[in-house]
Visitor: 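Sharing a structure with you now.
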Amino acid sequence: MTHTGLVARVLIDSPLPQLDHLFDYAIPAELADVAQPGVRVKVPFGSSGRVVGGYLIERVEPATDDAAPAVAGAAAGGADAGGAGAGGAGAGGGADPLFHGTLSPLESVVSPARVLTGEVWTLARAVADRSAGNAGDVIRLAVPPRRVRVEKAWLAQPADAADTAGGKAAACHFADYPAGALTGIIAQRGRAAVAAVPRPVLLADGRTVGQWALTLAELGVAALAAGRSAILAVPDYRDQDQLQAALAQLAPAGSVRRVDARQSDPDRYRDFLACLDPVPRIIIGNRSAVYAPAHELGLIALWDDGDPLYAEPLSPYVHARDAALVRQQQADCALVFLGHARSVEVQRLVGLGWLQSIEPARAQHPRVIPTELQATDARGARIPSAAWGAAREALARGPVLVQVASPGYAPVLACTTCRHAARCTRCQGPLGLAAADAAPSCRWCGALAVGWHCPLCEGTEFRLVTVGSGRTAEELGRAFPGVRVIVADGDHIVQRVDAAPALVIATRGAEPLAHGGYQAVLLLDGERMLARESLRVGEDCLRWWSNAAALAAPGAPVMLVGVGGVLARTLSLWQQPRYAAAELADRRSLRFPPALRAASVTGAAPAVEAALDGLTGIDGVDVLGPVGADEGSVRAIVRLPYAAGDQVAHALKAAVVRAATGRRPAKGRGYRPPPTLKVRFDDPELL
DNA sequence: AGCACGCCGACT
DNA sequence: GTCGGCGTGCTC
């Protein structure tokens with residue numbers, strides 16, 4: 001077989017941390033023209049030479065240095081894992097020295113489609129490195145599974161220029177913002193935290209969307225007008241629908257592509273391939289959209305970055321916000337975080353001067369009226385008279401939104417006699433009523449609680465402790481006879497309601513849009529939402545309330561019930577950034593994220609010990625634990641300054657590799673595969 | 001993950 | 001004297 005003399009550097013498709021680097025292969029002459037960077041390849045791998053998949057990352061000249069070739073069987077150098085932590089910012093991929101043995105040839109090139117662009121590879125590598133993860137895991141988010149037919153069609157008919165040329169781009173004036181502020185961000189590739197305008201707008205096609213969707217669409221169109229691509233990410237499909245509606249008004253037909261997992265596999269792959277075309281596009285999608293290939297990327301924008309859906313549940317668990325930050329630096333494009341609330345993470349970057357804070361030119365925010373529950377409102381009544389009054393008055397004009405904490409009818413039951421919360425006899429889950437006439441059942445396992453009796457006092461009667469959307473609907477329906485009642489929660493998804501009077505009872509995050517906006521918004525259950533024990537409750541509640549308040553028609557009252565203090569003040573003055581700044585100061589004094597970074601290290605005690613040993617001497621790092629976690633494993637939490645990120649991630653990755661290659665746990669009879677070492681950076685649930 | 005290489009118990 | 005156990009290490 002003749003070879004070209006060129007070397008292909010290949011990333012093997014494998015989840016094993018010890019294989020997360022490039023392997024060198026000879027390029028046979030017959031593959032010379034298709035073996036281009038970015039193509040999928042098959043290569044012989046391992047002692048048996050079995051064929052595995054991978055991506056061709058780069059083509060290089062063979063090593064020119066004089067190092068003695070082929071040390072045959074002898075221990076050839078061995079991967080020296082503990083390399084000095086240079087923490088270099090530069091080095092894209094070629095960190096490991098070229099292999100000097102005899103190269104195996106590529107076995108085949110799967111297709112000439114170059115699906116992994118250099119830019120996405122560099123991003124995947126950097127994102128994996130900063131979280132001690134595998135580049136391959138990140139690439140899985142970036143490159144959808146191959147669909148042969150779709151790919152053939154795309155290869156046969158590449159970049160249809162007419163595709164994007166058709167249609168006019170609307171002029172983007174960003175009328176709500178100071179002149180030039182947002183156009184400047186796009187033109188100068190700046191970075192900004194932008195406060196969205198909290199009001200619904202009516203589009204020319206008769207649909208209502210949040211003004212934020214128009215702003216986001218305008219940003220994308222502005223990038224497109226400059227001949228560059230834009231990535232617009234949203235947390236969920238309801239937001240994506242709004243954005244699509246806005247883009248339909250503003251963007252040239254054919255310039256918009258979606259990349260999200262809800263599409264059928266062929267559709268998803270088709271849109272993904274279209275992003276590879278050498279034409280600027282507006283790419284929209286959920287958290288993984290930040291990894292989409294884009295021709296001449298000019299902008300990455302995230303709507304509502306505080307939404308937990310941006311936290312990637314797959315290893316290496318990188319938050320889309322972080323991936324966007326890494327990519328912005330690599331691509332040197334504009335970066336925008338648009339939102340009503342402000343996440344503490346974004347506020348930190350504003351404080352550093354990394355992000356510029358941009359607000360609408362004229363303060364125009366919802367009319368929020370904090371309403372403490374009065375003693376006169378009697379026990380059980382969650383709705384103060386002022387809120388009743390606002391609702392009654394508003395119902396004469398149109399729909400009223402009522403935000404509640406929980407779906408269902410009565411999500412929590414307690415024993416009538418001793419008042420202790422009722423728990424499932426099988427799994428200890430909380431018992432609740434799904435509907436007024438339903439039998440009590442467990443909210444975790446679903447088992448019906450037949451013949452329940454209280455383990456503490458032997459009582460057999462339930463008392464309804466909390467109120468869900470269903471019971472609120474019942475209660476309000478009785479109070480306003482004849483008024484339409486619409487329930488919107490996880491089980492009953494309602495996207496939009498018309499302008500006719502209706503009571504819309506929605507759980508937080510599931511609020512439908514109302515044509516023309518709600519005539520009043522009642523934010524109930526605030527007290528209960530705040531009772532969740534999480535470091536972020538305040539921030540989360542503020543985000544839920546802000547997003548719901550933004551659905552109100554201009555001037556319509558937003559009644560915040562049962563909440564006072566700084567949160568009520570923040571919402572009514574619409575000063576979310578100030579709240580985030582105070583929150584950040586608190587986190588700083590507690591040494592909690594995002595004032596610094598944190599990583600959890602979980603696994604068998606010796607492996608965790610060894611991993612922590614690798615961190616000694618790194619400035620500013622401290623360790624909590626380890627403490628016993630589940631099933632024979634322990635967990636430690638490492639806190640580190642941002643500046644130590646590279647070094648800590650590098651050391652922990654080395655420990656993960658060592659744990660994976662070192663002595664394998666006795667695989668004797670029956671014993672479960674014991675816990676290997678797991679590292680998770682920036683887990684939002686951590687503290 | 002697979003798979004090969006390598007050093008200790010019961011078999012023709 | 002060998003066949004074969006799976007502990008250990010590597011895969012361009």
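Each chain gets a letter, A, B and so on, in the order the sequences are listed, and its residues count up from 1.
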Visitor: May I have the distance from A:D20 (atom CG) to C:dT11 (atom P), rounded to whole angstrom?
Guide: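 Answer to the nearest Å: 16 Å.
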Visitor: For A:F23 and C:dC12, give me the distance from atom CZ to atom C1', rounded to whole Å.
Guide: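 To the nearest whole Å, that distance equals 6 Å.
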Visitor: By a strict heavy-atom criterion of less than 4.0 Å, which residues belonging to residues 47-55 of chain A are in contact with DNA chain B?
Guide: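 Going residue by residue through residues 47-55 of chain A, the ones with a heavy atom under 4.0 Å of DNA chain B turn out to be A:S47, A:S48, A:R50.
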Visitor: For DNA chain C, what residues of residues 37-45 of chain A have any heavy atom nearer than 4.0 Å?
Guide: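 Contacts with DNA chain C under 4.0 Å: A:P44, A:F45.
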Visitor: To the nearest Å, give me how far apart CD1 (A:I57) and C1' (C:dC12) are.
Guide: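 It is 14 Å, rounded to the nearest whole Å.
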Visitor: With A:D236, which residues qualify under side chain to side chain donor-acceptor pair (under 3.5 Å), at least two apart?
Guide: none
Visitor: Is A:R287 close enough and on-axis enough to A:Y310, meaning under 6.0 Å and within 45°, for cation-pi?
Guide: no
Visitor: Can you give each donor-acceptor pair under 3.5 Å made by side-chain atoms of residues 34-51 of chain A, sequence neighbours left out, with the distance rounded to 0.1 Å?
Guide:
residue : atom : partner : partner atom : Å
A:Q36   : NE2  : A:D33   : O            : 3.1
A:R40   : NH1  : A:Y269  : OH           : 2.9
A:R40   : NH2  : A:P144  : O            : 3.1

Visitor: Could you state the atom-to-atom distance from CD1 of A:I12 to P of B:dA1 in whole Å?
Guide: 16 Å
Visitor: Measure from NZ or CZ of A:R270 to the centre of the six-membered ring of A:W154, then state whether that distance is under 6.0 Å and the direction lies within 45° of the axis.
Guide: no
Visitor: With A:E539, which residues qualify under side chain to side chain donor-acceptor pair (under 3.5 Å), at least two apart?
Guide: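 In terms of side chain to side chain donor-acceptor pair (under 3.5 Å), with neighbours along the sequence ignored, A:E539 is linked to A:R536, A:R587.
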Visitor: Would you check if there is a donor-acceptor pair between the side chains of A:E151 and A:S111 at a distance under 3.5 Å?
Guide: yes
Visitor: Atom NE2 of A:H21 to atom P of C:dC10: distance rounded to whole Å?
Guide: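 Whole-Å distance recorded here is 11 Å.
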Visitor: Tell me: OH of A:Y25 to C1' of C:dC12, nearest whole Å?
Guide: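 For the pair A:Y25 OH and C:dC12 C1', the rounded distance is 5 Å.
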Visitor: Tell me whether A:D260 is salt-bridged to A:R258, with the criterion being a basic N under 4.0 Å from an acidic carboxylate O.
Guide: yes
Visitor: Please name all residues satisfying side chain to side chain donor-acceptor pair (under 3.5 Å) with A:S229, sequence neighbours left out, ordered by chain then number.
Guide: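 With sequence neighbours excluded, A:S229 shows a side chain to side chain donor-acceptor pair (under 3.5 Å) to no residue whatsoever.
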Visitor: Rounded to whole angstroms, how far apart are CD1 on A:I27 and C1' on C:dC12?
Guide: 13 Å
Visitor: Can you check the A:L16 CG to C:dG9 P distance for me, whole Å?
Guide: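 Atom-to-atom, A:L16 to C:dG9, this comes out as 16 Å.
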Visitor: Check whether the side chains of A:N286 and A:Q240 place a donor and an acceptor atom closer than 3.5 Å, and report yes or no.
Guide: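 No donor-acceptor contact under 3.5 Å links the two side chains.
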Visitor: Indicate, with a heavy-atom threshold strictly under 4.0 Å, whether A:L19 touches base, sugar-phosphate, or nothing.
Guide: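 Contact class for A:L19: base.
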